[in-house]
Amino acid sequence: IIDKKLNNKFKFFFISGNETTLMLKIKDLVIEHHKLSDAYKTETIKNLKSLNLDIGLFENNKLFIVNELSNLDEDFLNKAEKKNEVYVFISENSPKNKLIKNIFLRRSDCCLVDCYELTKDSKIKILNQFLKETGLVLENNVYWLLLEKLDNKFMFLERELKKLRELSG
């Protein structure tokens, strides 16, 4: 979120956690990155059952947003890694996700992103990046008061920073 750079070696993203606004922001950043860098076409699917993993000669780059984790296993990842496709799986935390998370942690072509409420350290990094981008300078006491008042949910924090940008511009 801070530097908005993604590593192109990842073909599979698993975005999980309990902070849904941050999960959606990460998903949007992955989509934006692939659309800009490699002209991927985005397609949202319910699950993996409907996919055809046969490799076609004239397939365009595709990025699949997958809303259910059914049929996601090591076998699927091994077959899908040969295609020119990117997969983004999104799921709120669940004990059922532990096996999938372990698979993603072991593979070099997989990226696991756990999304939880922002910590004070996370908010400091986001606020510092915001101040750097906007050129705003805050007095020390105003900085710490603002940091304390900013929400731990990403969407609300982002909204407040946008208001601050508008007021300062």
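Please read all numbers here as calculations on a predicted model, not as lab measurements. For reference, positions follow the sequence shown, starting with 1.
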Please work out which of the three classes, parallel, tilted or perpendicular, describes the rings of Y87 and F64, given edges at 30° and 60°.
parallel
Hydrophobic cluster membership, with links at side-chain heavy-atom distances under 4.5 Å among I/L/V/M/F/W/Y: are W144 and V137 in one?
no
One should read off an interatomic distance between K132 NZ and T134 OG1, to the nearest 0.5 angstrom, of 11.5 Å
Quick one, N71 with L51, criterion side chain to side chain contact (heavy atoms under 4.5 Å, CB included). Give me CA distance, side-chain angles, the key distance, then yes/no.
CA-CA 11 Å; N71 292 24; L51 281 179; over 6 Å; no
Are L138 and I124 connected in a single hydrophobic cluster, I mean Ile/Leu/Val/Met/Phe/Trp/Tyr linked by side-chain heavy atoms less than 4.5 Å apart?
yes
Among L48, I15, L112, which residue meets the side chain to side chain contact (heavy atoms under 4.5 Å, CB included) test with F89?
L48
CA sep, side-chain torsions, deciding dist, call: N47, N67, side chain to side chain contact (heavy atoms under 4.5 Å, CB included):
CA-CA 6 Å; N47 56 44; N67 293 320; over 6 Å; no
For residues K83 and K62, determine if any side-chain heavy atom of one lies less than 4.5 Å from a side-chain heavy atom of the other.
no
NZ/K82 to CG/L77 distance, rounded to the nearest 0.5 angstrom?
11.0 Å
Please give me the minimum heavy-atom distance between F76 and L72, naming the atom from each residue.
CD2-CD1, 4.0 Å
Close side-chain approach of I90 and V66, heavy atoms under 4.5 Å:
no
Tell me, do Q129 and E133 make a side-chain contact under 4.5 Å, heavy atoms counted?
yes
Kindly indicate whether the side chain of E139, heavy atoms from C-beta on, has any atom under 4.5 Å from the side chain of V142.
yes
Are I26 and L24 linked, directly or through other ILVMFWY residues, by side chains that come within less than 4.5 angstrom of each other?
no
Does a side chain donor of either T21 or E19 reach within less than 3.5 Å of an acceptor in the other side chain?
yes
Under 3.5 Å side-chain donor-acceptor pair for N78 and R107
yes
With a 3.5 Å distance limit and no angle check, can you tell me whether N61 reaches the backbone of K41 through a side-chain donor-acceptor pair?
no
With a cut-off of 3.5 Å and sequence neighbours excluded, list every side-chain donor-acceptor pair involving residues 147-155.
| from | atom 1 | to | atom 2 | distance (Å) |
| --- | --- | --- | --- | --- |
| D151 | OD1 | K153 | N | 2.7 |
| N152 | OD1 | K123 | NZ | 3.0 |

Hydrophobic cluster membership, L29 vs F156, 4.5 Å side-chain cutoff:
no
For N93 and K101, which I'm curious about, is there any donor-acceptor pair between the side chains at under 3.5 Å?
yes
Regarding K163 and E160, does a basic nitrogen lie under 4.0 Å from an acidic carboxylate oxygen?
yes
Distance-only, no hydrogens or angles: does the S16 side chain make a donor-acceptor pair with backbone N or O of S91 under 3.5 Å?
yes
Below 4.0 angstrom, N of the basic side chain to O of the carboxylate: do K11 and E85 qualify?
no
In Å and rounded to the nearest 0.5 Å, what is the NZ to NZ distance from K125 to K120?
14.0 Å
Only counting residues at least two apart or in another chain, list the ones meeting salt bridge (charged side-chain N to carboxylate O under 4.0 Å, His left out) with D73.
none
Assert yes or no for the condition that the ring centre distance of F14 to F104 is strictly below 6.0 Å.
yes
Please determine if D75 and K79 form a salt bridge, counting it only when a charged side-chain N lies under 4.0 Å from a carboxylate O.
yes
Side-chain heavy atoms of L127 within contact of L131, under 4.5 Å
yes
Check side chain to side chain contact (heavy atoms under 4.5 Å, CB included) between T42 and all other residues, then give those that pass, not counting sequence neighbours.
I31, K35, L63, I65
Looking only at non-hydrogen atoms, find the nearest pair between K49 and S70 and report the distance.
CE-OG, 4.3 Å
Please report the closest heavy-atom contact between F10 and H34, naming both atoms and the distance.
O-NE2, 4.4 Å
State, with a plain yes or no, whether a side-chain heavy atom of N18 is found less than 4.5 Å away from one of C115.
no
same_hphob_cluster(L136, Y143) at 4.5 Å side-chain heavy-atom cutoff:
yes
Return the SG to NZ distance between C111 and K9, rounded to the nearest 0.5 Å.
9.0 Å
